[in-house]
Amino acid sequence: MALIHLLPLMIERVGILLIIAFVLSRMKSFRQIVHHEHGLTEKWMLIVVFGAFGVISNYTGVQIHDSSIYSQAWHTDVDTGSAIANTRIMGVVIGGLLGGPLVGTGVGLIAGVHRLSLGGYTAVACGISTIMAGIVTGIIGKRFRAQGKQAAWLTAGIGILMECAQMGIILLVAEPWADAWGLVKVIGVPMVVVNGFGTLLFMLIIQSIFQEEERSRALQTHKALYIADHTLPFFRQGLNAHSCREAAQIILKETNADAISITNQHQILAHVGTGADHHIALQSISTRLTKKVLEEGIVHKASSREEIQCYNLDCPLQAALVLPLKVHDSTIGTLKLYFRRATRLDQVERELAEGLSKLFSTQLELAEAELQSRLLKDAEIKALQAQVHPHFLFNAFNTISVLCRTDPEQARKLLQQLSVYFRSNLQGARKMLIPLHKELEHVEAYLSLEQARFPGKFTIEAHIDASLNDVLVPPFTLQPLVENAIRHAFSKGFTEPIGRVTISATAEGENMILVTKDNGKGISADIVGALGKQAVQSAEGTGTALYNIKTRIEELYGNQASFRIASETAQGTTVRITLPVHFVERGDKLVEGIYRGG
C-alpha cells in the first residue's frame, strides 16, 4: 500500500526537476554551457548546475519512517530512524554522462555530501552510492555521445542501474539491516522506475537542445549557400564598386545586420543600409579596426561606437563584425556587418558571417582563376589572330608586283587594301570588341586582294542594316568565315560556274543576326557536327577558325549569344551568329577592365 502511495509522490518530485530542466533549456547561457561542455569553465558550471539538482532532490525527497510515508515540501534534516526517497540520481547521472569524470565526480560529491549532512540511518549508504554513481557515470561519459539515436534509452538504463546499485549499497551499509530491508521493499521499485523514467525525459530535454542547434546550423548553412549563390554573379566580376554594391544589398536583405560594407585594401567599395549617408562608397579606409583585419587576416568584433571609430558622432551603428576576404591566403578586402545594438550581434550571426566570408573568399579565388583562364585563352586566340598566313601574304605581294607593270593604279589600291588588312589584324589583336563597320572593312580588304588574284571566280553580296554599323562584335568574326568559303567552298569539287558569298546583318529584337552563306560544295554530315566544337582532321582543313570564333563568343557572351553551322553536300554552307545589340553584363568597359587592367 505504501508503495502505491509513494509512486505518485516520486513522480511529482521528478516533475519539479523536469520543469526546472525545461526552463534551463530555454536559457541561452545554459544552452551554451551544454554545447561547449569540454571547456574547463563549462565543466565547473555543469558541476554547479547538476550539483544543484542533487541538492534540490535531497530537500524535496519523501521521508520514510517505519514503512510510513511523510510527504513534506522541504526537508532540512532527516530523523535518525528515517530515510528519504528522492530523485538525486537523475542529476548525478546526467551530469556525469554529459561532462565526463570531472563533472561526474564533482556532482556526486556535492549531492552525496549534502545527503550525508541531512542525516538518517541511510545517510552514509546514500552518500557513498551517490559519489560512486558520479564517478562511474563520469567514466562512462568519456565515450558517451548525447546526440546519439539511442542515447536517451541508454541514459535511462544507466539511471536504473545506478538506482539499483544504491539499493544494494543501502542493504550492505545501512543499519539495522531489518530496517534497511523494509525500506528497500517500500522505495526500491518506485525509485528505480521513477528515476529511470525521469532520467529518460531529462536526457530528451538535453537532446532537444542539440537538435535545435543542428536545425539552426542547417538553416544557417542553407542561408549562407543561398546568399553565396545569389552573390556569385557579382563576386565573379571581382571587387569593384558595382559588384560589391549589388552583393551587399543581397547580404543585407538575407541577414539581421543593419548595414553591410565591403572594402578592398584601400577604400570602401560599397555601404548599404543604416549610416549610408556618411559611410560613403569610394572613400579611403579610415578605421584602425578594418586596417587591423587587413593586416592580420582574422575576424575582429566591435561592441561599441568607440570601437567602430566612426567619425560621425550621430552614427546609429553600435556594433560591427569585420571579416577578411582572402584570395590565396592574402587578404584583399573586408566584409563588414554593422548593427544598431550590440545585443543583435550574437553567436548565430557571427557564425553565419564567418561562413559567408569563407564562401565569398572562395568565389573571389574562382573569379581570379576564371580570369586567368580567360586571359590565357585570349592570349592564345589573339596570337592566332595576329598571324598572317604566309601563302596569303606571298600571293598578295606577287599579285601586286604583276599589277605594278600592267595596272599601276590597281596595284596602288591593292597596297592600300593590304595596309587596311594588316591594320585590322593589329587592331583585332589589341581589342576584344570592335564596331561592326570595322570588321566589314577587314572583310572588304581581304576580298579586294583575293578578287585581284581570282577575277570572276566569285561574287560578294552584302546586306547590312545601317543601324547596326556601330554594334560591337568580336574582331575576326566575319573575315575568317568569308576566307573559309573562298578557300574551301569553291575549291576542287565545286561544280557551279561562279561562287557566291552573301553577308547579312539584321536586327531581331534585342539581338543582331550575322549570316554568311555560300553556294559552295558543302560539308559532309560526318564533319559538320564537330565544326566549331573542336578541331577536325580533313583534307580541306582543320576547322580551327570556326572553333576560335565560337570559343570567343562563348567566353564573352555566355548564353546571350549563339553560333550555328548548317551545311549539306552540294548545297553550300550557312553560318548564323546571334549577338546581343546592347552588351551590358560584360560590355566594352568591363572587357577593358578585365583584360587590360583599366
Side-chain angles (χ1 to χ4, degrees), residues 378 380-397 399-400 410 412-454 457-490 499-506 512-518 541 544-553 555-557 561 563 573 575-577 579 581 583 588 591 595:
D378 183 49
E380 293 171 349
I381 292 171
K382 285 183 179 299
L384 290 171
Q385 292 171 350
Q387 293 177 2
V388 176
H389 198 286
H391 292 295
F392 171 78
L393 184 60
F394 173 79
N395 291 330
F397 282 145
T399 301
I400 292 171
Q410 178 66 6
R412 186 183 70 81
K413 291 179 180 179
L414 288 180
L415 279 173
Q416 290 176 336
Q417 292 296 332
L418 186 61
S419 70
V420 171
Y421 180 84
F422 273 108
R423 186 165 60 249
S424 297
N425 261 43
L426 293 174
Q427 184 183 49
R430 289 195 303 266
K431 293 187 177 182
M432 291 303 299
L433 297 170
I434 61 172
L436 175 62
H437 68 84
K438 289 291 184 183
E439 178 66 7
L440 293 172
E441 285 180 9
H442 191 198
V443 173
E444 183 181 353
Y446 171 78
L447 289 172
S448 296
L449 294 165
E450 288 296 283
Q451 285 177 323
R453 285 182 60 210
F454 306 107
K457 182 180 178 180
F458 58 86
T459 62
I460 301 293
E461 294 181 14
H463 306 284
I464 308 299
D465 186 334
S467 65
L468 302 175
N469 275 330
D470 292 324
V471 174
L472 297 176
V473 299
F476 301 94
T477 297
L478 294 177
Q479 186 273 330
L481 298 178
V482 174
E483 183 176 348
N484 266 9
I486 293 171
R487 289 179 59 191
H488 303 304
F490 307 141
R500 293 192 304 276
V501 179
T502 303
I503 304 171
S504 66
T506 57
M512 175 175 65
I513 311 299
L514 296 175
V515 177
T516 62
K517 184 177 181 180
D518 64 65
T544 302
L546 297 174
Y547 173 74
N548 286 342
I549 295 170
K550 185 172 186 293
T551 299
R552 279 184 296 140
I553 288 173
E555 287 294 324
L556 280 171
Y557 300 95
F563 179 93
T573 300
V575 179
R576 178 186 171 96
I577 299 172
L579 300 177
V581 173
F583 190 26
D588 193 42
V591 169
Y595 290 91

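Position 1 is the first residue of the sequence, and the numbers go up from there.
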* Dump the intermediate steps for side-chain contact (heavy atoms from CB on, under 4.5 Å) on His488 and Thr573, then the final yes or no. => CA-CA 11 Å; His488 303 304; Thr573 300; over 6 Å; no
* To do: Show the numbers, then the answer: is there a side-chain contact (heavy atoms from CB on, under 4.5 Å) between Leu433 and Leu556?
  => CA-CA 10 Å; Leu433 297 170; Leu556 280 171; 4.0 Å; yes
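With contacts defined as side-chain heavy-atom distances shorter than 4.5 Å, the pair Gln451/Ile460 qualifies. Side-chain contact check for Val482 versus Glu450: every heavy-atom pair is 4.5 Å or farther apart. Residues Asn484 and Thr516 are not in side-chain contact: their nearest non-hydrogen atoms beyond the backbone lie 4.5 Å or more apart.
Taking all atoms of both residues into account, the shortest heavy-atom contact from Pro474 to Tyr557 is CD-OH, 3.5 Å. Minimum interatomic distance between Ala505 and Leu514 (heavy atoms only, all atoms of both residues): CB-CD2, 3.5 Å. Scanning all heavy atoms of the two residues, the minimum distance from Glu439 to Leu478 falls at OE2-N, 2.8 Å. Summarising the geometry of Pro480 relative to Ile549, their closest heavy-atom pair is CB-CD1, 4.0 Å, with the distance given to 0.1 Å. Between Val501 and Ala485, the shortest heavy-atom contact is CG2-CB, 4.0 Å. Between Lys457 and Ile486 the shortest heavy-atom distance is NZ-O, 4.5 Å.
A side chain to side chain contact (heavy atoms under 4.5 Å, CB included) with Ser504 holds for exactly one of Asp465, Ile464, Val515; it is Val515.
Rounding to the nearest 0.5 angstrom, the gap separating the NZ atom in Lys550 from the OG1 atom in Thr477 is 14.0 Å. Here NZ of Lys438 is found 11.5 Å from CG of Asn469. Values are rounded to the nearest 0.5 Å. In this structure, CD1 in Ile503 is found 11.0 Å from CG in Asp518, a value given to the nearest 0.5 Å. To the nearest 0.5 Å, the span separating CZ on Phe563 from CG on Leu546 amounts to 5.0 Å.
Ring pair Phe476/His442 is perpendicular by interplanar angle, where above 60° counts as perpendicular and below 30° as parallel.
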